[in-house]
Amino acid sequence: MPNKPAIIVKDAVKRYGDFVALKKINLSIQDNEFFTLLGPSGCGKTTLLRMIAGFEDVTEGEIFLFGEEIDKLPPHKRPVNTVFQNYALFPHMNVRENVSFGLEMLGQSKSDAMRCAEEMLELVRLSQFASRKPAQLSGGQQQRVALARALAPQPKVLLLDEPLSALDLKLRKAMQLELKHLQRETGITFIFVTHDQEEALTMSDRIAVMSDGEIQQLGEARDIYERPRNTFVADFIGDTNLLAVKVESISGSMVQCLLKGGQRLKIAVNDKIKIGDSLHVSIRPERLFVSDVDDSRGTLRGTVKDNIFIGTDINSLLILDSGDEFRVRASNSDRGNKRIYAPGKQVFVTVEEGAARLLVD
Amino acid sequence: MGSRKYNIRAYPGFIHLTVLCLLILYLPLAIVAVYSFNNSPSIVVWEGFSWRWYLDVFIGLESAKFKLAAKNSFIIAIIAATVATVIATFSATAMIRGGRFRLRTVSFGLISLPLMVPEIVTAVATLIFFNSIGFERGVLSILLAHIAFCIPFSYLPIAARMQGIEDTYEEAAQDLYATKRQAFTKILLPLMMPGIISGFLLAFIISLDDFIITNFVKGAGVETLPTAIFGAVKQGIKPNIMAISTMLLAFSIVMVTLSYLISKSDDKT
């Protein structure tokens, strides 16, 4: 028998008066999955998370937890726990009391709850701080207490509401790995909300990209990055060049597209399109090659405008003959065969095979 | 350098005006306090330091009267402050945690209005009210009146404290399997405690010191400390009144200071 999904969201709608925060969301999250809701602020990702936690009621639709409908239950009857954005550690309790709170509310004896809290604090390496008050800890330590507190009652699903946003970059990177590790170790399903696409790509098994109260695309990190379904996803995830094109001819699985300046590009088809359609093509900057010789294999012509050194890579800004701006990223290493040309130089750009992607909307 | 121009101390006459205001405010109190230690029945001629009037308050001719009045005052103040604080705590919870409801602004106005209404008006109105329902005047009528006017005093520090508590704490508690009631008693109430204690102490002092309303609604023969002092003063000011007043003043200062310190406490722990 296949495992039941940890969470099923079925036709869930959330309205505040006339304002529609979520439009008919359908979602299935597998057991033991690190699932991320990714989107800009106001896209509805936090609302969806709070609906699963029970802090927002569902206007229409249902939510199931391992097959059991939970959308009518109050928060304290749902076996899910939340790591809040500002941690919400109880300031009048010490770290150990914070972590054992959930267990005591579940009816465990004080001594059992304390023992379990100690174990959880060991897991997040904070045993020596057990008697401190939250305010006496650093941001990163508070974050780990919040994690320990949410994991202590062994929830069926752990909900994380932008938990890393208050940390500085170095600490955030470390916590990303720690979270991923913790998820593997505990085997608990994590639902993670973030607006940081890099964070989402780093940690997630699957990502749901949201905007305007809708899921724009759902899939594995690599899938979403390399095969974005629409211009929003292509633009939001990573860095990309979006060019307006017109479909000129279709032969088999290949489409010939016309750019503004009259140059042509051959691209693999992925959606239903017809001759004459105006579309966008997305090409990632790291999948382009610049050369000063025209090898006449479907190259685009342009002029170098600027080169920007960013450490690991060098970003070149080109102006294509079509007038479009074009960003090219080359690795800062000799093995990467640095193709850096001085501003003003005319160059030819080759698109890596399969790197250009046609987007219908 | 720029801020120097706006330094309030540099204004002409600032120091003099400040000293004058402080003198007008505190000199009478200081004189009463000093002369309460005067070793003389006179209230104007200083004849050396003595505790005699304090002794007189406790064992003198009028001591029985004052002791009974003090007892009434403290009993009324404790009960009135307790009841008012409980009511104020629930009102604050409803006002600040109840979300937006109709008449929320009106409700806030109704809670704090008694602070603005002239006390004499409240006093007369309360007296008329008790008379019209045939309520017998005595300790109970004083107590009810005190509960009523103590509520806003108790409400303000409690509401101020509660406003500073984010509601994610209660969400976190409910997320961790606490019922609404448990989230209130285990999380919200302890976090509100400094505000509640501060509100209680303030209400207690307001009740203890009240004269106007008490004087209107008290029955014949029932006295609180302020009405007893007023009664005694009508027959001429004696130094024992100064001793009582000084003790009441000292007690009030201690309570108000406590209230302030507690409301400020654990802002950072």
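All values below were derived from every heavy atom in this structure, side-chain atoms included, with hydrogens, water molecules and symmetry-related copies excluded. First the proteins, then the strands, lettered A, B, ... as listed; each starts at 1.
In this structure, Lys14(A) satisfies the cation-pi test against Tyr16(A), with its NZ or CZ atom closer than 6.0 Å to the six-membered ring centre and inside 45 degrees of the ring normal. Taking the ring centre of Phe34(A) as origin, the terminal cationic atom of Lys180(A) falls inside the region bounded by 6.0 Å and 45° from the ring axis.
A salt bridge is defined here as a Lys NZ or Arg NE, NH1 or NH2 lying under 4.0 Å from an Asp or Glu carboxylate O, and Glu170(B) with Lys180(B) fails to meet this definition. Ion pairing between a basic and an acidic side chain is recognised when a charged N comes within 4.0 Å of a carboxylate O; Asp205(A) and Arg184(A) show such pairing.
Chain B forms the most heavy-atom pairs under 4.5 Å with one residue out of Gly107(A), Gly54(A), Ala88(A), and that residue is Ala88(A). When Thr179(B), Ile187(B), Thr168(B) are compared by the number of non-hydrogen pairs under 4.5 Å with chain A, Ile187(B) comes out ahead.
With hydrogens and angles ignored, the 3.5 Å screen pairs no side-chain donor or acceptor of Lys156(A) with any backbone N or O of Asn81(A). At distances below 3.5 Å, at least one donor-acceptor pair connects side-chain atoms of Thr185(B) with backbone N or O atoms of Arg181(B).
Within the 4.5 angstrom heavy-atom criterion, only backbone atoms of Leu89(A) (N, CA, C, O) approach chain B. Within the 4.5 angstrom heavy-atom criterion, atoms from both the backbone and the side chain of Glu171(B) approach chain A. Heavy atoms of Arg78(A) lying under 4.5 Å from chain B belong exclusively to its backbone. In this structure, the portions of Ala173(B) lying under 4.5 Å from any heavy atom of chain A include both its backbone and its side chain. The part of Gln182(B) that comes within reach of chain A is its side chain, from C-beta onward, which places non-hydrogen atoms under 4.5 angstrom from that chain.
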